[in-house]
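Worksheet: one structure, shown below.
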Amino acid sequence: QVQLVESGGGLVQAGGSLRLSCAASTRTFSNSPMGWFRQAPGKAREFVATISWSEGPTYYADSVKGRFTISRDNTKDTVYLQMNSPTPEDTAVYYCAAARTGLGLRLPREYEYWGQGTQVTVSS
């Protein structure tokens, strides 16, 4: 069982920056592909970014490519989402998720474990 706890959300001005963190509770974290998703009110949960277990390949939604960066530190069992130049359209609850295996996973159903979410609000 993997427990994930997100932090770092809050209010940020458009064009600013924010870094989200997701701490995992298990030593098997380093073997897990990790992802970030988000869900705005009235909308479905959508893919943001994912990173392989080995701190290797990363994949992004087109809407955040070039602005957001996913990374992980397996020595700290933590995955990060650096959000640069956010816009009000990035306002949502952000969730981190862990999968058992796979690469480039973009669907929520491909992930087995989820955090509780952290709210990000971008003001114009």
Side-chain angles (χ1 to χ4, degrees):
Q1 185 76 13
V2 177
Q3 291 184 323
L4 305 172
V5 179
E6 301 98 335
S7 61
L11 178 65
V12 60
Q13 283 192 328
S17 64
L18 197 67
R19 189 175 80 160
L20 306 182
S21 300
C22 173
S25 64
T26 175
R27 294 181 180 177
T28 63
F29 166 84
S30 60
N31 297 325
S32 300
M34 299 293 296
W36 284 98
F37 289 77
R38 65 187 183 187
Q39 188 166 18
K43 295 188 176 181
R45 191 167 297 189
E46 66 172 359
F47 167 76
V48 175
T50 183
I51 186 168
S52 70
W53 67 272
S54 63
E55 304 179 56
T58 57
Y59 303 84
Y60 297 91
D62 288 343
S63 59
V64 306
K65 198 174 297 183
R67 300 186 299 121
F68 291 8
T69 302
I70 187 172
S71 62
R72 66 190 296 165
D73 184 343
N74 288 342
T75 67
K76 297 181 179 180
D77 295 335
T78 301
V79 63
Y80 304 97
L81 184 69
Q82 178 67 43
M83 304 171 61
N84 294 333
S85 301
T87 70
E89 288 68 37
D90 295 316
T91 295
V93 177
Y94 282 71
Y95 299 90
C96 72
R100 294 184 188 276
T101 187
L103 184 65
L105 307 178
R106 295 173 179 255
L107 301 176
R109 60 178 169 81
E110 295 177 307
Y111 291 81
E112 283 78 19
Y113 306 103
W114 293 84
Q116 82 289 350
T118 186
Q119 175 71 47
V120 173
T121 302
V122 184
S123 63
S124 58

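- Sequence neighbours left out, not one pair with a member in residues 33-81 passes disulfide bond (SG atoms under 2.5 Å apart).
- A search for salt bridge (Lys or Arg N to Asp or Glu O under 4.0 Å) contacts involving Glu46 returns Arg38, not counting sequence neighbours.
- Pairs of residues two or more places apart, or lying in two chains, that qualify as side-chain hydrogen bond (donor to acceptor under 3.5 Å, both in side chains) and include a residue from residues 96-109 are Arg100-Tyr113.
- Partners of Tyr111 under the ring-ring contact (aromatic ring centres under 6.0 Å, His included) rule, at least two apart in sequence or in another chain, are Phe37.
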Which pairs of donor and acceptor atoms, one on a side chain in residues 3-12, lie under 3.5 Å apart (sequence neighbours left out)?
from: Glu6; atom 1: OE1; to: Gln116; atom 2: N; distance (Å): 3.0
from: Glu6; atom 1: OE1; to: Gln116; atom 2: NE2; distance (Å): 3.4
from: Glu6; atom 1: OE1; to: Gly117; atom 2: N; distance (Å): 2.9
from: Glu6; atom 1: OE2; to: Cys96; atom 2: N; distance (Å): 2.9
from: Glu6; atom 1: OE2; to: Gly117; atom 2: N; distance (Å): 3.2

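- Sequence neighbours left out, not one pair with a member in residues 70-103 passes ring-ring contact (aromatic ring centres under 6.0 Å, His included).
- Evaluation of the salt bridge (Lys or Arg N to Asp or Glu O under 4.0 Å) test over residues 111-122, restricted to residues two or more places apart or in two chains, returns none.
- Side-chain contact between Val79 and Ile70 is present, with heavy atoms from C-beta onward closer than 4.5 Å.
- Sorted by first then second residue, the disulfide bond (SG atoms under 2.5 Å apart) pairs that include residues 30-88, not counting sequence neighbours, number zero.
- Looking only at side-chain heavy atoms (C-beta outward), Val120 and Met83 come within less than 4.5 Å of each other.
- The ring-ring contact (aromatic ring centres under 6.0 Å, His included) contacts involving residues 54-73 comprise nothing, where partners must be two or more places apart or lie in separate chains.
- Under a 3.5 Å cut-off, the side chain of Thr50 and the backbone N or O of Met34 do form a donor-acceptor pair.
- Looking at residues two or more places apart in sequence or on another chain, you find a side-chain contact (heavy atoms from CB on, under 4.5 Å) between Ala61 and Phe47, Ser63, Val64.
- Residues satisfying the side-chain hydrogen bond (donor to acceptor under 3.5 Å, both in side chains) test with Thr78, not counting sequence neighbours, are none.
- The salt bridge (Lys or Arg N to Asp or Glu O under 4.0 Å) check on Lys65 picks up Asp62, with sequence neighbours excluded.
- Under a cutoff of 6.0 Å and an axis angle of 45°, Arg72 and Trp53 do not form a cation-pi pair.
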